[in-house]
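Worksheet: one structure, shown below.
Values below: every heavy atom of this structure, side chains too, minus hydrogens, waters and symmetry copies. Below, chain A is the first sequence line, B the second, and so on; all start at residue 1. Please read these numbers as outputs of a predicted model, since none were measured by experiment.
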There are 2 protein chains.
Amino acid sequence: MKIDPSSPADLSAQIAGAIRDAIIGGDLIVDERLPSEAELADHFNVSRPTVREALKRLAAQSLIRTQRGASGGAFVNRLSFENAYAQQITTSTLLLSMNAVSFDTACEARFALERACAPLSALRRTADHLATMRAEIHRQQQPGLTDEAFCASDVAFHRALVDGASNPVLSYQLAGAVEAMQPLMNMITFTARSRGAIVAFHTELADAIEAGDASVADSALDRLEDYTRTLARDVMAARAAKANT
Amino acid sequence: MKIDPSSPADLSAQIAGAIRDAIIGGDLIVDERLPSEAELADHFNVSRPTVREALKRLAAQSLIRTQRGASGGAFVNRLSFENAYAQQITTSTLLLSMNAVSFDTACEARFALERACAPLSALRRTADHLATMRAEIHRQQQPGLTDEAFCASDVAFHRALVDGASNPVLSYQLAGAVEAMQPLMNMITFTARSRGAIVAFHTELADAIEAGDASVADSALDRLEDYTRTLARDVMAARAAKANT
DNA sequence: AGACTTTTAAATGTCAGACAATTAAAATCT
DNA sequence: AGATTTTAATTGTCTGACATTTAAAAGTCT
């Protein structure tokens with residue numbers, strides 16, 4: 001692990017990069033303790049604050065964790081699926097909000113990915129996954145449910161569908177797409193009328209998954225996508241009309 | 001933006017969180033300049049090194065960039081698709097290498113996602129995408145190609161296929177799955193014989209995409225997945241046998 | 001007046017040294 | 001032996017300073 005003190009890049013960035021490479025390259029294994037900050041400072045010939053900045057960069061990516069006290073220090077973190085989810089959701093959310101991604105584009109991606117999961121879910125879903133889906137459908141029919149709660153339940157339903165595929169890599173990939181869409185979906189405030197249609201789609205989906213019928217699930221997702229996009233177009237049009245009066 | 005000095009969490013982590021929330025919540029918009037480190041230190045009632053650690057955390061996530069000099073400072077970064085790709089690839093790679101994800105699981109996820117793109121790609125691919133795919137197929141037939149170069153070309157081919165869908169969100173999601181698989185794929189050193197089979201699949205795929213035939217593309221991907229998994233199983237079996245002698 | 005050069009000031013990048021807080025292990029005592 | 005105290009290592013934070021970079025302001029020359 002070496003750095004180039006004459007490089008224009010920040011020393012802390014270089015140090016973080018060197019350690020990151022060591023982790024990715026397998027030179028530092030999970031739960032291994034890094035040298036203490038003082039030792040790292042010595043090794044790289046920099047001051048402790050500089051080393052600390054480097055370590056914070058790595059901590060921000062969940063690559064390391066730190067513990068205080070004797071026999072404390074920085075340890076290589078096992079990147080859990082949960083951590084990865086969280087990061088992906090943050091990144092995806094920002095990506096969508098900062099890059100003027102159209103609703104249609106985001107929607108297309110989300111449903112394309114979800115359709116990829118559906119056949120596997122139809123094959124492998126457990127009773128648990130089905131129960132979650134049914135429970136969320138039930139919740140979505142409660143009259144007093146706020147729009148936010150309805151959207152959250154919507155996410156939970158689709159999450160269960162995706163998790164039904166029992167493939168953590170797929171779940172991880174989908175988490176970003178589905179959850180990052182939520183702010184956009186929230187923009188489309190669902191009226192009481194449209195909730196009924198969505199519950200119908202969800203019921204059809206749950207039935208198909210329960211029956212192990214991939215093609216029906218696929219078709220239901222297809223129509224749900226159409227419906228969602230139409231709904232979005234109407235909401236946009238209504239807003240535009242309102243803005244012009 | 002406030003923090004709780006009595007919280008057990010590191011101050012720098014709290015400050016980073018507060019600023020991150022401000023960015024995600026839209027209180028800080030793209031390219032807006034954050035207060036100077038001294039001002040932030042004053043605002044949060046902490047020292048400048050602590051503020052700097054917080055800023056480095058955000059910089060590690062590409063949420064901000066910093067500039068030195070007069071009228072310099074920290075600016076909210078537009079999270080580009082490129083930045084997001086890079087982060088996703090790093091995260092996905094670590095996730096796979098640290099969590100004992102089976103080859104089958106990763107493979108299933110990758111092809112499921114890719115199949116989600118194929119129909120869109122068949123519909124919308126440009127001449128450019130097709131040309132890239134053809135060029136990579138051609139490269140894959142060069143006799144002197146190293147295994148690493150073959151794998152890289154394989155990734156480039158599938159990347160072009162995915163990009164053909166012309167949906168940046170999909171491309172972003174897939175980038176992680178496809179590129180993170182590369183180390184695993186490299187483990188399966190392709191022999192000269194298996195290269196021919198893979199080139200045949202690629203040709204079939206390119207033809208299907210060119211003809212706009214989604215179902216043929218889907219079927220080709222299906223068989224390529226089968227083939228890849230069989231190949232992996234054989235390689236593993238051969239290794240196990242060798243280890244037992 | 002206009003173009004070029006120099007100065008200045010603001011900001012980040014880095015360093016040194018200190019102290020506080022935490023924690024596990026070692027030492028001590030009962 | 002077991003409980004308690006001490007100790008030492010380590011991260012977390014602060015203060016103050018200097019270096020470096022950079023844009024803008026001031027000054028100078030034509």
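Applying the side-chain hydrogen bond (donor to acceptor under 3.5 Å, both in side chains) rule to pairs touching residues 105-114 of chain B yields Arg124(A)-Glu108(B), Asn167(A)-Glu108(B), Ser102(B)-Thr105(B), Arg110(B)-Glu114(B), Glu114(B)-His158(B), sequence neighbours excluded.
Note on Arg57(B) versus Glu53(B): no salt bridge recorded, every NZ/NE/NH1/NH2 to OD/OE distance being 4.0 Å or above. Ion pairing between Asp31(B) and Arg78(B) fails under the 4.0 Å rule for side-chain N and carboxylate O.
As rounded to whole Å, 11 Å separates atom P of dC15(C) from atom CZ of Arg52(B). Atom CD in Glu37(A) sits about 14 Å away from atom P in dC15(C), given to the nearest Å. Rounded to whole Å, atom P of dA10(C) lies 17 Å from atom CG of Leu40(B).
Put simply, Ser12(B) has no side-chain N or O that comes within less than 4.0 Å of OP1 or OP2 on dG12(D). Residue Thr66(A) has a polar side-chain atom (N or O) positioned under 4.0 Å from OP1 or OP2 of dG12(D).
Remark: side-chain polar atoms of Ser121(A) are not paired, donor with acceptor, to backbone N or O of Cys117(A) under 3.5 angstrom. A donor-acceptor contact shorter than 3.5 Å links the side chain of Asn99(B) to the backbone of Leu95(B). A donor-acceptor pair under 3.5 Å is formed between the side chain of Arg65(A) and the backbone N or O of Val76(A).
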| task | Take nucleotides 16-29 of chain C nucleotide by nucleotide from the 5' end and write B, S or -, depending on whether a protein heavy atom sits under 4.0 Å from the base, only from the sugar-phosphate, or from neither. | result | --B--BBBB-----
